[in-house]
Amino acid sequence: MAWVYWKENRAYLYERIGGKTKCVKALGVITPGEAKTERITWMADHGKGDFAVLDMSMEVVWEKYMEYLVVEEYSPKTIKCAEECVYPFVRTMSKLSELIKDRIKAWDVVLQGWTFKRKGVPVRLSKETRAHRLRAISAFCRWATDVQGYFEESPFKVAIPEQRKDAGRALQGNEALSVLENWPNKPNRRTTPELLALSKLFFQIVFFGGTRVEELLGKSDESPGGTFGNLDRDNLILKLAKTKAGESREIALPKPIMDLIPQGVGPMFYGKISYTCLSNHLKKACQAAGVTGRFRVHDGRVTCASEWSRKNGRPKAAMNQFGWKTEKMALHYDKVATKERVAMAQNITYT
């Protein structure tokens with residue numbers, strides 16, 4: 001068996017030899033179609049027909065997928081999602097040839113009847129949780145098709161439930177300020193005053209700078225997120241060494257927020273606070289502020305993007321601040337709350 005692996009826009013042909021994965025040919029900068037042709041030609045020259053690929057053990061395929069996620073530096077959260085949402089499905093099959101659309105549809109039926117116990121009471125998966133798991137399986141199928149070339153087209157043909165209407169929510173200005181003003185400040189057996197102060201600082205930077213969670217929080221020693229060494233206090237800039245696009249980016253911050261950041265060395269948040277802790281503190285702050293409904297950690301960025309759109313009308317500036325490649329993303333993140341639209345409607349008087 002052989003497959004194509006992409007690294008820095010270059011294609012490489014890999015094969016599993018003697019239980020080890022080895023690069024057997026560098027294909028260079030070519031299109032996915034050309035890479036697929038090269039792979040098939042190489043396999044034919046070496047007596048390895050496509051039947052060998054479909055006969056591959058699903059455990060081997062799974063190992064390759066996990067290796068891909070690690071090498072491509074996907075976040076720990078994404079890797080954990082794959083382990084929790086995709087692997088339970090993968091382990092129901094012994095060979096790659098069993099990964100067909102009917103098998104995936106049957107798994108969706110399983111998810112619809114899946115129950116777990118909450119406080120001793122059997123509860124079914126919510127529509128959102130089911131959609132989350134199906135999206136993870138869809139991503140696995142896209143990898144198997146587009147990256148590995150195992151299939152001509154993705155076997156994933158299941159309709160994913162519609163996303164929640166309050167996904168990607170943006171708070172209005174007074175709500176965002178109220179959340180920060182009502183940040184929890186009483187330590188308990190699970191948290192300390194230092195963690196409470198650190199989580200508040202994290203969201204102050206996100207609410208006013210619009211960083212992605214992992215860009216600021218960090219995910220590894222090689223990608224520690226925001227660091228004290230990358231703060232330019234004179235010019236009110238936080239430089240993010242590695243962002244989602246793999247490039248560095250400079251985040252402009254208001255002076256009052258920059259003044260809140262203490263002096264230090266090394267990572268500002270990595271290794272000091274977890275995503276779960278940030279999420280728990282945010283939830284408590286929202287409850288204390290009277291903000292009801294779903295509001296995720298990532299929605300701090302959405303909130304900042306919407307406020308930026310209200311106050312700053314230059315799309316190029318927003319693209320630079322938030323790391324967007326197109327103006328379309330600026331529109332995507334401009335979430336207008338219902339109350340705000342009601343207020344806007346009052347301006348339509350035709351006078």
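It should be emphasised that the depicted structure is a prediction, and the values quoted were computed from it without experimental measurement.
Residues Thr191 and Asn188 bring no donor and acceptor atom of their side chains to less than 3.5 Å of each other. No hydrogens or angles considered: a donor-acceptor pair under 3.5 Å links the side chains of Ser199 and Trp183. In this structure, a donor-acceptor pair under 3.5 Å is present between the side chains of Ser126 and Thr129.
Interatomic distance, CE of Met93 versus CH2 of Trp62, reported as 10.5 Å (0.5 Å rounding). A distance of 8.0 Å separates SG in Cys85 from CD1 in Ile137, rounded to the nearest 0.5 Å. Considering CD of Gln204 and CG of Leu253, their distance stands at 11.0 Å, rounded to 0.5 Å.
We find that Glu215 and Arg249 are joined by a salt bridge, their nearest charged nitrogen and carboxylate oxygen being less than 4.0 Å apart. A salt bridge does not link Arg294 with Asp299: every distance from a Lys NZ or Arg NE/NH1/NH2 to an Asp or Glu carboxylate oxygen is 4.0 Å or more.
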Discussion item. For a salt bridge (Lys or Arg N to Asp or Glu O under 4.0 Å) check, start with the C-alpha distance between Glu83 and Lys80, then their side-chain angles and the critical distance, and finish with the verdict.
Written reply: CA-CA 5 Å; Glu83 293 173 336; Lys80 183 179 180 181; over 6 Å; no
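A salt bridge (charged side-chain N to carboxylate O under 4.0 Å, His left out) check over residues 176-196, counting only residues at least two apart or in different chains, returns nothing.
For Asn185, the side chain to side chain donor-acceptor pair (under 3.5 Å) criterion is met by no residue, not counting sequence neighbours. Applying the side chain to side chain donor-acceptor pair (under 3.5 Å) rule to Arg103 yields the partners Glu98; only residues at least two apart in sequence or on another chain are considered. Residues that satisfy the side chain to side chain donor-acceptor pair (under 3.5 Å) test with Thr31, not counting sequence neighbours, are Glu34. Every residue two or more places apart in sequence or in another chain that forms a side chain to side chain donor-acceptor pair (under 3.5 Å) with Lys25 is listed here: Glu38.
Put simply, the side chain of Ser223 never gets that close to the backbone of Lys219: no donor and acceptor are under 3.5 Å apart.
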Just list the side-chain donor-acceptor pairs under 3.5 Å for residues 259-278, sequence neighbours left out, or say none.
residue: Asp259; atom: OD2; partner: Lys255; partner atom: NZ; Å: 3.0
residue: Lys272; atom: NZ; partner: Pro267; partner atom: O; Å: 2.9
residue: Ser274; atom: OG; partner: Cys277; partner atom: N; Å: 3.1
residue: Tyr275; atom: OH; partner: Lys77; partner atom: NZ; Å: 3.2

